[in-house]
Protein chains: 2
Amino acid sequence: MATIETATKPDCAPLRADAQRNRERILAAASKLIAIHGNEVEMTDIAEAAGVGVGTLYRRFPDREALLIEMLREKFAELVATLRGVLEREDLTARERLDTFIRASCEIQGRDLGLHEALSTVTGEHQAIARSTPGLVESMERLAAEAVAEGSVRSDLAWEDIVMCSCALGHVIQHEDSLPGSWERLLAIQLAGLNPGPPG
Amino acid sequence: MATIETATKPDCAPLRADAQRNRERILAAASKLIAIHGNEVEMTDIAEAAGVGVGTLYRRFPDREALLIEMLREKFAELVATLRGVLEREDLTARERLDTFIRASCEIQGRDLGLHEALSTVTGEHQAIARSTPGLVESMERLAAEAVAEGSVRSDLAWEDIVMCSCALGHVIQHEDSLPGSWERLLAIQLAGLNPGPPG
DNA sequence: ATACAAACGGAATGAAGCTTCCGGTTCACT
DNA sequence: AGTGAACCGGAAGCTTCATTCCGTTTGTAT
């Protein structure tokens with residue numbers, strides 16, 4: 001609904017020390033719980049894990065949605081950090097960087113259900129956050145463009161394909177229990193599918 | 001929890017005509033609503049769509065879970081019918097049959113959120129239903145085996161890979177709004193990824 | 001036609017989870 | 001070391017659903 005703005009830094013009102021500490025604990029607790037259980041965790045559980053009362057939680061964040069958005073913002077920022085780290089690796093070919101990132105995003109999603117859900121979900125804010133995370137789209141574009149330039153992937157590869165492959169893999173990973181250990185197979189299939197078409 | 005058994009046919013107590021009619025209306029309404037909105041639809045809405053009161057719904061099905069299970073059983077049966085239809089097409093190569101089925105399963109999942117969720121979900125019964133649907137696994141095995149025998153796919157292709165590809169694609173399709181129309185690209189990538197490895 | 005077991009509808013119940021409220025506590029500035 | 005704004009905890013309020021209950025209606029077998 002409202003415009004999305006970073007709510008962490010702007011000291012519109014420099015929080016009291018204890019309040020600031022609690023704010024961070026709440027975000028950390030939410031992050032951890034949601035990584036494990038997904039977005040359906042209860043406010044009460046987050047408060048408890050953070051070692052504060054629900055009242056405190058609601059003093060810091062107007063409602064559930066606001067808390068989740070702020071938390072996601074952090075997770076996306078970490079994702080971009082990973083992505084940038086991969087882009088800088090000049091010891092790898094562009095294709096190897098691409099594969100490395102896709103694999104890394106699989107591992108991250110395997111560890112963090114909440115992030116996977118966010119990556120997949122369109123509903124309202126999530127998509128807006130992803131797109132507004134500085135550097136996310138740009139870095140993916142670069143990842144794709146460099147591999148295309150190198151000629152080691154299909155020539156029409158776009159950044160959206162990277163997102164799509166990652167989301168699809170993340171989905172399988174999160175449902176791994178039904179077909180244990182098999183997401184590596186899908187990864188192999190998809191990476192093979194990214195190869196350049198036959199020269200003809 | 002309990003053993004899964006077909007609850008439709010066994011006339012353990014031949015339903016009264018109106019009751020039977022209502023039972024079918026309820027299943028149809030649930031099927032339609034869940035195809036559109038996913039598993040989170042409300043019992044009241046299902047009852048309303050079926051043109052009955054909630055009380056009636058609960059006379060027919062002990063609880064929400066039971067209704068959903070029965071409905072899924074029907075959906076899986078339809079999926080097997082599609083699969084069998086494809087397997088019979090002798091005008092196609094084995095590889096073409098494989099591609100046709102994967103594409104068909106994409107379209108079905110695009111049309112039916114509930115089925116997609118069921119295909120992906122492990123939680124309890126769903127997986128059991130899928131595995132216990134007569135012919136589902138067997139048909140997929142045959143689909144894979146024939147393509148392997150023909151040499152038109154990677155030689156280690158297994159039926160689980162077909163499920164995985166379908167689920168992964170279904171996931172992307174259901175979240176199409178974020179990257180409109182792009183699931184066809186992932187389909188192309190995955191199908192290419194199924195090609196046999198380089199002869200060497 | 002009559003009777004009654006079975007079925008019907010939908011208001012009432014209860015559980016679960018988000019959010020608010022308020023009396024008591026704590027920081028931070030003089 | 002005093003004071004008040006800001007903060008804290010968690011009980012209570014509210015909403016949303018699944019599920020139950022019960023007085024009324026309907027199919028079907030005599």
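Just so we're clear, the structure is a prediction, and the values are computed from it rather than from any experiment. Here is how names work: the chains are called A, B, and so on, in the same order as the sequence lines, proteins then strands, and each is numbered from 1. Only heavy atoms go into these numbers, but all of them, side chains included; no hydrogens, no water, no symmetry mates.
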- Task: Write out all pairs satisfying salt bridge (charged side-chain N to carboxylate O under 4.0 Å, His left out) with one or both partners inside residues 43-58 of chain A, taking only residues at least two apart or from two chains.
- Result: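 Those involving residues 43-58 of chain A do not exist here.
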- Task: Can you tell me which residue pairs pass the salt bridge (charged side-chain N to carboxylate O under 4.0 Å, His left out) test with a partner in residues 134-152 of chain A, sequence neighbours excluded?
- Result: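 Only A:R97-A:E146, A:R142-A:E146 qualify under salt bridge (charged side-chain N to carboxylate O under 4.0 Å, His left out).
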- Close residues, residues 37-51 of chain B, relative to DNA chain C [heavy-atom separation under 4.0 Å]: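 Residues of residues 37-51 of chain B under 4.0 Å from DNA chain C: B:G51.
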- Verify the cluster assignment for B:L113 and B:V41: are they in a single hydrophobic cluster under the rule of side-chain heavy atoms below 4.5 Å apart?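 B:L113 does not cluster with B:V41.
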When the distance from [atom1] of [X] to [atom2] of [N] is rounded to whole Å, what number comes out?
X     : N      : atom1 : atom2 : value
B:R25 : C:dA7  : CZ    : C1'   : 14 Å
A:L57 : D:dC7  : CG    : P     : 14 Å
A:R23 : D:dA6  : CZ    : P     : 17 Å
B:R21 : D:dT26 : CZ    : P     : 12 Å

Side-chain atoms of residues 189-196 of chain A: list all donor-acceptor pairs with protein atoms under 3.5 Å, sequence neighbours left out, distances to 0.1 Å.
unit_1 : atom_1 : unit_2 : atom_2 : d
A:N195 : OD1    : A:R95  : NH1    : 3.0
A:N195 : ND2    : A:A192 : O      : 3.2

- Task: For B:A49, check side-chain contact (heavy atoms from CB on, under 4.5 Å) against everything at least two apart and list the hits.
- Result: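 Scan of B:A49 (side-chain contact (heavy atoms from CB on, under 4.5 Å), adjacent residues dropped) gives B:A29, B:L33.
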- Task: Can you sort out the partners of B:A158 under side-chain contact (heavy atoms from CB on, under 4.5 Å), two or more places apart, ordered by chain and number?
- Result: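 So B:A158 forms a side-chain contact (heavy atoms from CB on, under 4.5 Å) with A:R185, B:E160, B:D161.
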Could you go through nucleotides 20-23 of chain D and list every protein N or O atom that sits under 3.5 Å from one of its N or O atoms, giving the distance for each pair?
none

- Please check if the side chain of B:T121 supplies one atom and the backbone of B:A118 the other of a donor-acceptor pair under 3.5 Å.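 Not a single qualifying donor-acceptor pair exists.
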- Message: For B:D156, give me all partners under side chain to side chain donor-acceptor pair (under 3.5 Å), at least two apart in sequence or on another chain.
- Response: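 Listed in chain order: nothing, the list is empty.
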Table please: side-chain donor-acceptor pairs of residues 53-63 of chain B below 3.5 Å, with sequence neighbours left out.
unit_1 : atom_1 : unit_2 : atom_2 : d
B:D63  : OD1    : B:E65  : N      : 3.4
B:D63  : OD1    : B:A66  : N      : 3.0

- Message: Once side chain to side chain donor-acceptor pair (under 3.5 Å) is applied, what residue pairs with a partner in residues 25-43 of chain B remain, sequence neighbours excluded?
- Response: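 Residue pairs with at least one partner in residues 25-43 of chain B: B:N39-B:E117.
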Distance check: side-chain N/O of [X] vs OP1/OP2 of [N], anything under 4.0 Å?
X     : N      : value
A:N22 : D:dC8  : yes
B:R60 : C:dC8  : yes
A:R64 : C:dG17 : no

Look for any protein N or O under 3.5 Å of an N or O in nucleotides 28-30 of chain C and output each such pair with its distance, or none.
unit_1 : atom_1 : unit_2 : atom_2 : d
C:dA28 : OP1    : A:A17  : N      : 3.0

- For residues 65-121 of chain A, pull every pair meeting ring pair (Phe, Tyr, Trp, His ring centres under 6.0 Å), keeping only residues two or more places apart or in separate chains.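 Ring pair (Phe, Tyr, Trp, His ring centres under 6.0 Å) check on residues 65-121 of chain A returns A:H116-B:H171.
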